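All remarks here apply to the structure that follows.
Note that the coordinates shown come from a computational prediction; the quantities given were computed from them, not determined experimentally.
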Amino acid sequence: TRVNKEDNNKKEADEKEPELPLMSLNHVSRLCRNVEDSIDFYTKVLGFVLIERPPAFDFAGAWLFSYGVGVHLVQSNDEDKLSPPDSAHLDSMDNHISFQCGNMEAIEKRLKELDVKYIKRTVKDDQSGNAIDQMFFDDPDGFMIEICNCENL
């Protein structure tokens, strides 16, 4: 039976798909009501930097970069494609992008200074006793963003 197990393991290994050559997340693309408002938000609230966008793109937009990831903003010409901003209805179980943070207090201070509405919660792991802090808020177009210290888990 040992030979059969080895044969089965080799057969399974041979049938596996080859590993994809993906390296990292490159960018997140966001449709915007107003690209300038979104640039203002992502630079002032989250510290992104406006970078050069290739002139070959023949539609309104902007590229920002920081923390090893890009945010590509695209001017929407169709209001139906956009969600209405609703910071009163922030739901951590909804679609969002999350940023790891080393100083949650500094982020909270920035959000308060810029009058960005947010919700804050702490999630505790009963087994380890570790906890993570999370803050959720919307960008100007209703796309939710999370800031967390998830490395604590």
- Shortest non-hydrogen pair, Leu73 vs Ser38, comes out as CD1-CB, 3.8 Å
- Item | Residue pair Gln134 / Val123, side-chain heavy-atom distance below 4.5 Å | yes
- In sequence, state the C-alpha distance, the side-chain angles, and the governing distance for Leu46 and Ser66, and then conclude on side-chain contact (heavy atoms from CB on, under 4.5 Å). CA-CA 9 Å; Leu46 294 174; Ser66 197; over 6 Å; no
- Are Leu64 and Thr43 close enough that some pair of their side-chain heavy atoms sits under 4.5 Å apart? yes
- Item | Phe143 ring center within less than 6.0 Å of Phe137 ring center | no
- Arg33 and Pro140 have their tightest heavy-atom pair at NH1-O, 4.1 Å
- Note on the structure: Heavy atoms of Cys101 and Ile107 approach each other most closely as SG-CG1, 3.4 Å
- Message: Quick one, Ile119 and Phe136 - any side-chain contact, counting heavy atoms below 4.5 Å?
- Response: yes
- Find out whether Lys44 and Leu114 are in side-chain contact, i.e. whether some heavy atom of one side chain is under 4.5 Å from a heavy atom of the other. yes
- Indicate if Ile145 and Leu25 have the same hydrophobic cluster label, given that clusters are the connected sets of ILVMFWY residues with side-chain heavy-atom separations under 4.5 angstrom. yes
- Query: Okay, side chain of Asp139, backbone of Gly142: is any donor-acceptor separation there less than 3.5 Å?
  - Reply: yes
- Message: Contact between Val49 and Tyr42 at the side-chain level, heavy atoms closer than 4.5 Å - yes or no?
- Response: no
- Query: Is it true that atom CG of Asn103 has more than 12 heavy atoms of other residues, nucleotides or ligands lying nearer than 6.0 Å?
  - Reply: yes
- Message: Whether the side chain of Asn152 engages the backbone of Ala131 through a donor-acceptor N/O pair (distance < 3.5 Å, no angle test) should be reported.
- Response: yes
- Side chain Asn149, main chain Asp133, donor-acceptor under 3.5 Å: yes
- Of the non-hydrogen atoms in Leu111 and Met135, which two are nearest, and what is the gap between them? CD1-SD, 4.0 Å
- Query: What closest approach, in Å, do Ala62 and Val35 show between heavy atoms, and which atom pair accounts for it?
  - Reply: CB-CG1, 3.9 Å
- Does the pair His72 and Val28 meet the rule for a side-chain contact (heavy atoms from CB on, under 4.5 Å), with working shown? CA-CA 6 Å; His72 292 187; Val28 175; over 6 Å; no
- Enter the distance from Cys148:SG to Ile132:CD1 here, rounded to the nearest 0.5 Å. 5.5 Å
- Task: Report the distance from atom CD1 of Ile147 to atom CE of Met104, rounding to the nearest 0.5 Å.
- Result: 7.0 Å
- Of all the heavy-atom pairs spanning Glu36 and Asn34, show the shortest one and how long it is. N-OD1, 2.9 Å
- Message: If you define the side chain from C-beta out and look only at heavy atoms, does anything of Ser29 sit under 4.5 Å from His27?
- Response: yes
- Query: What's the verdict on side-chain contact (heavy atoms from CB on, under 4.5 Å) for Phe99 and Ile97, showing C-alpha distance, side-chain angles and the deciding distance?
  - Reply: CA-CA 7 Å; Phe99 292 96; Ile97 186 169; 4.2 Å; yes
- Check whether more than 12 heavy atoms from other residues, nucleotides or ligands sit under 6.0 Å from atom CD of Glu52, and answer yes or no. no
- Task: Mark yes or no: Arg53 above the aromatic ring of Phe59, with NZ or CZ under 6.0 Å from the six-membered ring centre and no more than 45 degrees from the axis.
- Result: yes
- Starting from the C-alpha separation in whole Å, work towards a yes-or-no answer on side-chain contact (heavy atoms from CB on, under 4.5 Å) for Tyr118 and Lys112. CA-CA 9 Å; Tyr118 65 95; Lys112 286 179 179 177; 3.1 Å; yes
- Item | Distance flag, aromatic centroids of Trp63 and Phe57, threshold under 6.0 Å | yes
